[in-house]
Amino acid sequence: MSKKEKVIAPEKLAKIKQREAKELAKWQAEKAKPKKNFYLIHMFAICTVINLADEICSNLNAQMKSILATVFFEPVYGSEFAIARMDAFLMITFLFTGLAFLYKVLADRYGRKIFLIINTFGMGIAMILIGLATNIPVYLIGACLVTFFTPHDMQIAYVMESAPAKHRAKFCSFTKVLATLASMIIPAMRNLFITATDYSRWRMIYLLPSVIAFVAAVVAMLSLRETDAFIDTRIRQLSMSDEEKAAAKLNKKQDTTSRGGILNGIKFIFRHKQLLWLALGYGFLTFANNLTTNNEAILTMNYAQNYMASTGISLEDAKVAAIDMVSKALLLMPIGNALLSLAQGFVSDKIGRKPSAALFAVSCIVLLAGSYFAATAGMNPYIIGFLVGMGVAAYWSSNDNFYYLVYESCPTNLRTSVSSMFPIISGQFSLLSVGVITAMNNILGDTKIGLVALCAALPGVVISLTVLLLKVKETKGIDFSSIKGDEFEN
């Protein structure tokens, strides 16, 4: 017996065996239940609606940024620094993003379904809080809940663990495309509830989508079953003999016995070069995130600068004049986003995860930089919106392919644990870039937020793609059920 091996008392061991036997019976019973006709289509539809709620909840703050800055921050800090001060306050949300990923690892222990439901309810509560907020503290509480409940993408995990391996990226991209197209509800509601002279009904833009989240959560709770990949993995783990478990634990590169968790996820990442290089590459890719999340604010300031240059009006008046142009641009963003997102799944399944991540990262920089400069020149907002939508989709398509590489490099029993710890490790780079960008914005003012974001994005993407193409191995087409963890270490 190893000195490090724990000695378990017979009474405690008997309780553990009893508990495992009970859990095994539970999962075997669920596995034996026949699926209803068209269950896969039903699951896909529910996950798409939940993804819609996720998209709306995630993007509302970005697409309403200048409005929220005007409502909550401009009365306190003035029009020149309202967005910059708002970004400074929102730095607190990074704490909740970290907590969110620590909480996500529980899905490897208790299953995907329960957290799919909790997260969807949480999104609805977050949108209600922001919609009812009358001051900065309440708004920040709602924003923190958004960052806690939206990063998990448990609906995407459902789709990935249920779709055929060779069509996995296509199924995920279809889910995102349908949700993205439906998210046109955001600019449509902006046009309906907000005008250049009346912001009073902006709250409806948050309150109405919260209903979608609550309804989707209830339907998922009543009709979805746990994913087959999770059930099969737990049955396999619980059916292993003591000798099989001991033998599996001896192999440090493989881990088919752990039930997930923070430490197991971190250990698995640091024992595998593939995941360490992915964390580094993804960390530098996040330097471009500010170009996408600040798109509404950047467009507002760029169109405002065009008005200032052409008419000589003040920044405050120019921002009001830019509202109509930005609302038109936002209307076409989901269409550009959806078209490129749809292509992403086919491209990724065809040419692989690595070249797809590189292609989309470069496309993101080209499309967004070109669009933002064109807005400063007063170019047609519909064209601008379409191109910005494609640029945002390109960033997230590159992001998705990094995550495909992560998911396809991990065994099922550790997949959500690793994917939870992964952004915490790589997120240190993101925190650094956001800190620098926020500091520069608060020094230079709101009119320079687009230029600052671009200057941060360019070096980050170059380093990211260098690491990805030289150090990471391709994972396209791997069978989830066969992954042990050491496939990409040679």
Side-chain angles (χ1 to χ4, degrees), residues 58 62 87 90-91 93-94 97-98 100-101 147 151 153 265-266 268-270 272-295 298 340 344 347-348 352-370 372 391-410 418-441 449-475 488:
S58 302
D87 284 340
L90 288 174
M91 288 287 288
T93 63
F94 274 84
T97 301
F101 289 114
T147 61
D153 287 341
I266 292 174
F268 194 84
I269 291 173
F270 280 95
H272 294 79
K273 293 179 182 178
Q274 169 91 342
L275 293 170
L276 283 173
W277 286 120
L278 280 169
L280 182 64
Y282 179 72
F284 280 105
L285 179 69
T286 62
F287 278 37
N289 188 42
N290 200 257
L291 271 179
T292 68
T293 56
N294 257 2
N295 57 74
I298 293 173
L340 195 138
Q344 184 265 127
V347 171
S348 182
R353 314 313 190 201
K354 285 176 55 178
S356 296
L359 172 64
F360 290 124
V362 173
S363 299
C364 164
I365 297 296
V366 172
L367 287 165
L368 291 180
Y372 293 151
V392 172
Y395 172 79
W396 290 108
S397 293
S398 182
N399 180 295
D400 287 345
N401 276 277
F402 266 93
Y403 267 91
Y404 294 158
L405 287 160
V406 173
Y407 287 141
E408 293 173 343
S409 300
C410 304
V418 170
S419 65
S420 298
M421 295 300 101
F422 178 79
I424 290 180
I425 296 171
S426 58
Q428 307 311 308
F429 297 88
S430 178
L431 187 60
L432 171 64
S433 68
V434 170
V436 172
I437 289 170
T438 301
M440 292 304 298
N441 287 341
I449 58 177
L451 182 61
V452 171
L454 181 61
C455 289
L458 282 171
V461 168
V462 170
I463 297 172
S464 172
L465 298 188
T466 301
V467 171
L468 173 71
L469 296 176
L470 296 182
K471 294 296 185 179
V472 175
K473 295 183 180 180
E474 183 59 67
T475 63
F488 308 104

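Side chains are part of it too, since the values below use all heavy atoms of this structure and drop only hydrogens, waters and symmetry mates.
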Q. Rounded to the nearest 0.5 Å, how far apart are CG of Leu367 and CG of Leu340?
A. 7.5 Å
Q. With Ser348, which residues qualify under side-chain contact (heavy atoms from CB on, under 4.5 Å), at least two apart?
A. Ala169, Gln344, Arg353, Ser356, Asn401, Tyr404
Q) For Thr475, what residues pass the side-chain hydrogen bond (donor to acceptor under 3.5 Å, both in side chains) criterion, not counting sequence neighbours? A) Glu408
Q: Taking all non-hydrogen atoms of both residues into account, name the closest pair between Pro355 and Glu474 and its distance.
A: CD-OE1, 3.7 Å
Q | Atom pair CG (Leu285) and SG (Cys364), whose distance is rounded to the nearest 0.5 Å | A | 8.0 Å
Q | Any pair counted as side-chain hydrogen bond (donor to acceptor under 3.5 Å, both in side chains), so long as it reaches residues 276-285, sequence neighbours left out | A | Tyr282-Asn399
Q.
Between Cys410 and Leu275, does the side chain to side chain contact (heavy atoms under 4.5 Å, CB included) criterion hold? Intermediate values first, please.
A. CA-CA 9 Å; Cys410 304; Leu275 293 170; 4.2 Å; yes
Q: For Asn441, enumerate each residue passing the side-chain hydrogen bond (donor to acceptor under 3.5 Å, both in side chains) test, keeping only those at least two apart in sequence or located in another chain.
A: none
Q) Under 3.5 Å, is there a donor-acceptor pair between the side chain of Tyr372 and the main chain of Leu291? A) yes
**Q.** Results of side-chain contact (heavy atoms from CB on, under 4.5 Å) for Ser58 - residues two or more places apart only
**A.** Asp54, Thr150
Q) In chain order, what residues pass the side-chain contact (heavy atoms from CB on, under 4.5 Å) check against Leu276, with sequence neighbours excluded? A) Ile269, Phe270
Q.
Checking Phe284 now: which residues fulfil ring-ring contact (aromatic ring centres under 6.0 Å, His included) with it, not counting sequence neighbours?
A. Phe287, Phe429
Q: Please identify each residue that fulfils side-chain contact (heavy atoms from CB on, under 4.5 Å) with Thr147, with sequence neighbours left out.
A: Thr93, Phe96, Thr97
Q | Non-hydrogen side-chain atoms of Asp87 and Asn294 separated by less than 4.5 Å | A | yes
Q | Rounded distance (nearest 0.5 Å) linking atom OG of Ser398 with atom CZ of Phe360 | A | 8.5 Å
Q) Sequence neighbours excluded, which residues qualify as side-chain hydrogen bond (donor to acceptor under 3.5 Å, both in side chains) partners of Thr292? A) Asn289
Q: Calculate, to the nearest 0.5 Å, the distance between atoms CG and CG belonging to Leu280 and Leu278 respectively.
A: 9.5 Å
Q. What is the distance from atom CH2 of Trp396 to atom CZ of Phe402, rounded to the nearest 0.5 Å?
A. 13.0 Å
(Q) Which residues pass the salt bridge (Lys or Arg N to Asp or Glu O under 4.0 Å) test with Asp400, not counting sequence neighbours? (A) Lys176
Contacts table for residues 452-471: side-chain donor-acceptor under 3.5 angstrom, sequence neighbours left out:
unit_1 : atom_1 : unit_2 : atom_2 : d
Ser464 : OG     : Gly281 : O      : 2.7
Thr466 : OG1    : Val462 : O      : 2.8

Q. Once you round to the nearest 0.5 Å, how far does CD of Gln274 lie from CG of Leu405?
A. 6.5 Å
